[in-house]
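Notes to accompany the following structure.
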Amino acid sequence: MLVNFGDCRIVIDNESSAEATIVRVDSANEYGILLEVIQVMIDLNLVIGKAYITSDGGWFMDVFNVTDKEGKKIKDEETLAQIEDYIRKSLGADSRYIPSRRRSVGVAAAADHNVIELMGTDRPGLLSEVSAVLASLKCNVVSAEIWTHKTRAAAVMRVTDEDTGLAVTDAERLERIRERLSYLLRGGDLSRGAAMAVSSGTATTHTERRLHQMMLDDGNYEQLQRQAPEQSQRPNVTVRNWNDKDYSVVTIRCKDRSKLLFDTVCTLTDLQYVVFHANIDAKDNQAYQEFYVRHVNGSPMNTETERLRVIQCLEAAIERRVSEGVKLELCTTDKVGLLSEVTRIFRENSLTVTRAEVTTRGRMAVNTFYVRGSAGEAVDQKTIDSIRQAIGQNLQVKGQPEPPEPQKKESPTWFLFANLFRPRSLYSFGLFMR
């Protein structure tokens, strides 16, 4: 399939490779164009196994080897047409809208919903509290994406008026929403209190990119220095300068996962670096990415401080989407207050949400939660059974809960002797702790 339009050509080739569909995009080069194309790929749930990028001069050429989530070539004609159509639209003159970066609590109105952005200190039960506040203010959450990383939490939520099903437009009511959520996010941490901002208009940034921007602006990457994970678990990110060509070469080696390339290119773009060449390869669950970049001002990274910041930001971008905990999927008939109800059940069972994606498809709510114990511990089967009983069999568990710890076997003689001399209150406490 060959499509030409203006200064752009899109070729979709299903013949050259036995393992993947090859998508080639040739276009006049503009800042951010690579991210636009990759964004289309992830929105269509495509997996990028390999990519070759070059954009010296005024022309840009990308070659992507893509499959579906099952690792198969894309043969569905409708999906192939969507790839071409979405890339073409993404490269249009008005596509690259980058709004001003808002602060901790923002409420923007579109025609049919409000967009609420939250940034604050994470704590157990925070999502439940936010959902309860919105429900009490008669706001229905129609979609949301929530990320946590280290001690911080970010969310982009789309809400509607419970009565009208449309956006909340009353200025006083919007102010109450901001005040309540700001107070909730502030908690006891006055040094990182919640600021407020309002933007108008219907254009918005891609949700996942916006979450990266919010955490980048928040300085989330700096916490890697204070709370570094084990070296074996960290992505390997290096930066060196190729002085002959005035490039900085960024190399990433880490465990492969969904949307990894989007996360790294998003971060480089938001740090205002232009990717001139790149080689991307993912094999045997390992990813290798190599980028040849310059700052938008045309220079490579000239200082150690700049180099370290890029490394920290990329490490954080890679880590913050890694989901910790048991994955729970809920597909059920949508109703007002559903998110508040479900997250309340999580909180009552001492679970905390580490990442969440909430969507509404017609009359159905399709929600995904990653949960751990409130102290960061793994979730056991008894807790899963309890929340499934409260929520219903529509809750599916993806991943294995932790098995209960085996109890030590004691000889009957020792067991009798121990209990004769063990204080009853301590014995009861010991059973409770187990």
Side-chain angles (χ1 to χ4, degrees), residues 42-45 68-70 110 112-116 118 124-148 153-168 177 181 207-208 211 258-259 321 323-374 378-402:
I42 69 160
D43 286 346
L44 291 172
N45 294 316
D68 62 17
K69 287 190 172 182
E70 305 300 321
D112 58 351
H113 63 265
N114 300 89
V115 179
I116 298 177
L118 308 173
L126 178 61
L127 178 57
S128 174
E129 295 174 31
V130 169
S131 303
V133 165
L134 290 173
S136 71
L137 294 170
K138 302 187 72 175
C139 293
N140 185 39
V141 179
V142 294
S143 71
E145 188 141 356
I146 298 96
W147 290 359
T148 64
V156 176
M157 312 178 82
R158 289 171 172 80
V159 304
T160 58
D161 186 300
E162 179 182 320
D163 295 328
T164 66
L166 300 174
V168 177
I177 294 171
L181 292 177
T207 298
E208 291 166 320
L211 287 165
S258 174
K259 302 183 181 180
R321 201 200 284 266
S323 302
E324 297 182 349
V326 175
K327 181 180 180 181
L328 304 177
E329 292 184 352
L330 176 63
C331 183
T332 188
T333 303
D334 191 31
K335 63 179 181 180
V336 174
L338 177 64
L339 182 62
S340 176
E341 179 182 328
V342 171
T343 53
R344 174 184 55 79
I345 293 170
F346 290 162
R347 183 171 61 172
E348 289 173 350
N349 284 273
S350 300
L351 297 182
T352 186
V353 178
T354 61
R355 190 160 74 86
E357 183 176 346
V358 176
T359 58
T360 305
R361 301 172 187 172
R363 296 183 178 180
M364 300 299 293
V366 182
N367 303 337
T368 301
F369 304 94
Y370 292 84
V371 299
R372 291 188 68 84
S374 58
V379 182
D380 60 28
Q381 186 62 53
K382 182 179 179 181
T383 303
I384 294 295
D385 292 341
S386 176
I387 62 174
R388 178 175 273 170
Q389 183 176 4
I391 296 174
Q393 293 304 310
N394 290 325
L395 184 71
Q396 300 297 316
V397 181
K398 305 292 183 178
Q400 294 298 318
E402 287 293 306

So, for [X] and [Y], which heavy atoms are closest and what is the spacing to 0.1 Å?
X	Y	answer
M157	L118	SD-CD1, 3.9 Å
W147	E208	CH2-O, 3.7 Å
T352	S374	CG2-CA, 4.2 Å
L126	A153	CD2-CB, 4.1 Å
R321	S258	CD-O, 4.3 Å
G125	R347	CA-CD, 3.9 Å

Flag for Q389-D385: side-chain donor and acceptor within less than 3.5 Å
no
Measuring from atom [atom1] of [X] to atom [atom2] of [Y], what distance do you get when rounded to the nearest 0.5 angstrom?
X	Y	atom1	atom2	result
K382	I384	NZ	CD1	13.5 Å
I345	S386	CD1	OG	9.0 Å
L134	L339	CG	CG	8.5 Å
E329	T368	CD	OG1	4.5 Å
R372	T354	CZ	OG1	8.0 Å
N140	T360	CG	OG1	7.0 Å

Residues 345-369 vs ring pair (Phe, Tyr, Trp, His ring centres under 6.0 Å), sequence neighbours excluded, gives F346-F369
Report yes if the side chains of [X] and [Y] come closer than 4.5 Å at any heavy-atom pair, otherwise no.
X	Y	value
L328	V397	yes
V156	V115	yes
V353	I146	no
V366	C331	yes
D161	L166	no
N367	L338	yes

So which of E145, E357, R158 actually passes side-chain hydrogen bond (donor to acceptor under 3.5 Å, both in side chains) with T207?
R158
Is there a side-chain contact (heavy atoms from CB on, under 4.5 Å) between T160 and D112 once you walk through the steps?
CA-CA 7 Å; T160 58; D112 58 351; 5.9 Å; no
Quick one, R363 with D334, criterion side-chain contact (heavy atoms from CB on, under 4.5 Å). Give me CA distance, side-chain angles, the key distance, then yes/no.
CA-CA 6 Å; R363 296 183 178 180; D334 191 31; 5.7 Å; no
N349 (side chain) donor-acceptor with L351 (main chain) under 3.5 angstrom
no
side-chain contact (heavy atoms from CB on, under 4.5 Å), that's the test. Do T383 and D380 meet it? Break it down for me.
CA-CA 6 Å; T383 303; D380 60 28; 2.8 Å; yes
